[in-house]
Amino acid sequence: MSAAAISGLVVPRAGQSVWLVVFSAAAMGFLAVFVLALATSSAQLARGWEAQLAQTATVRVSAPPEEMEMQTALVMEVLRTTPGIAEARVMEPQEQAALLEVWLGPDLPLDALPMPRLIELRETPQGPDRQGLRLRLSAEAPGAVYDDHTRWRRPLVQAAARLKGVAWGALVLIGGVTCAIIALAASASLASNGQVIKVLRLVGARDRFIASAFVQRISRLALFGAALGTAIAMAALWALPELGGDALGGTAQHMAGIGFQGAGWLLPLLVPPVAMGLAFLASLATAFHVLRGVT
Amino acid sequence: MIVFDGVSHDYGGGALFRDVSLRLEGGSFHFLTGPSGAGKSTLLKLCYGELLPSSGTITLMGQNRRAMTRDQLAEARQRIGVVHQDCQFLDHLTVAQNGGLPMTATGRRLLDADLGDLLVWVGLAEHAEALPPTLSGGERQRAALARAVVAAPSLLLADEPTGNLDWDMSQRLLLLMIELNRMGTAVVIATHDLNLIRFAKAHVNARVLRISARKLTMAGAEL
């Protein structure tokens, strides 16, 4: 039997530390996948909001009722001749009513109120010269206000970026906690296998061999545990949109936003090897530290 | 091979022995006798570096024990076979795997045939795949001896190696140690068994060390 083969056998397979490593690696793997999903979803969300809001704008036309049609026609003409505007559409009164219903309720007599006219714009990727457009509108139709949604877009994108930062921070925290738990488990494993260390020392085994025997066992257990946690988390994420759709109605769209898309599903597969790597480093450091204290 | 120079060892506040000087040369054969609690096992532990002396100097395989790194101590132990009184094993490994441990755990090649021959010699061929906890006291001592000699050590330290064996098996194992000694292995056996010492002296030039009253003296004239 070779040294490598016996190295995989000298540490007993049973023991409390086995369950400690497997369970903690599984829990951390599960959490890591969810946080990874949150991080990637936040990034996608930020990009999505940025792209969606960056290419849309609104022109609000306020005028006395008798001038409203004329002002609207003037604004539409300005928009039609402005480079960077792909499409301009006057919103129907019913659409405007639907937007206000959320805030003012369904029974408000909108017909009796002096409602501004809203024009929805879709911009080209390059977009218009916004300052020039504002000047032209103020000259042609003084009651028209161009709103490129900057006020809304900035906080949303900032919020998404912060969410992404928090998620990456949580991932680092999970890695740190994993290292700490594995170090504790390695320490417990070494302490409970004093007889193994004593016998190996007696036959002339070096610290490197003894440490590698423990590190090998703990790393494999961490890989197994993390793979288990990752698999459960991926299954849960895969099932999440359906759960949201059935149980939460309108919230489903939001719930469906947390997860992976396309090749992004390969990303969680990195969690088990990374967990194994962390377990390797944590248990190696612990093993050498403990062995230094044993004759 | 091992030199004690003015070695003293204290245990639990009291002195176990004082000012012991000793030289174990390659190919020598020593018995270590003395009353229970005199420090025979401690002396053997000092020989393979498990304990450090309270004072004095121990030179182990040419190196000062106090100055040795753990790797250097491991290298020295690869040249020393030890039979413990309590026969420590890895209980989840088979007798054969335990027997081969000094070779496999130190990256040395061990032929199955050689290990098989050794297990036959100590009478454990049929127990090669058994786990140590299933062995009797005598079988465990034989397994411990097999493990101690499998790497053909330069020095064999045996603490009461025949304590649980019948006379026939004791003679057989002693002959194995004598054979190793003839091949150059220095042997130190701690024992109370005077018959064993007499039997050995009939086959090999064995010296008898006696540890008592905190002193190590040469004995044997009366044996």
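Values reported hereafter were calculated over all heavy atoms of this structure, with side chains retained and with hydrogens, waters and symmetry mates removed.
The most heavy-atom pairs under 4.5 Å with chain A, out of B:Gln78, B:Gln88, B:His84, come from B:Gln88. With respect to chain A, the highest number of heavy-atom pairs below 4.5 Å among B:Ala76, B:Ala151, B:Ala74 belongs to B:Ala74. Among the candidates A:Val196, A:Leu200, A:Val10, the residue making the largest number of heavy-atom pairs closer than 4.5 Å to chain B is A:Val10.
Using a cutoff of 4.0 Å between basic side-chain nitrogens and carboxylate oxygens, A:Asp207 and A:Arg201 are scored as salt-bridged. Salt-bridge formation is not detected for the pair B:Arg77/B:Glu75: no Lys NZ or Arg NE/NH1/NH2 atom is positioned less than 4.0 Å from an Asp or Glu carboxylate oxygen. Salt bridge present: B:Arg18 and B:Asp10 bring a charged side-chain N and a carboxylate O closer than 4.0 Å.
Of all heavy-atom pairs spanning B:Leu156 and B:Thr185, the tightest one is N-CG2, 3.9 Å.
With a 4.5 angstrom heavy-atom cutoff, B:Leu93 touches chain A only via side-chain atoms. Within the 4.5 angstrom heavy-atom criterion, only side-chain atoms of B:Arg147, from C-beta onward, approach chain A.
Screening B:His127, B:Arg142, B:Gln141 against B:Leu135 for a side-chain contact (heavy atoms from CB on, under 4.5 Å) leaves a single residue, B:His127.
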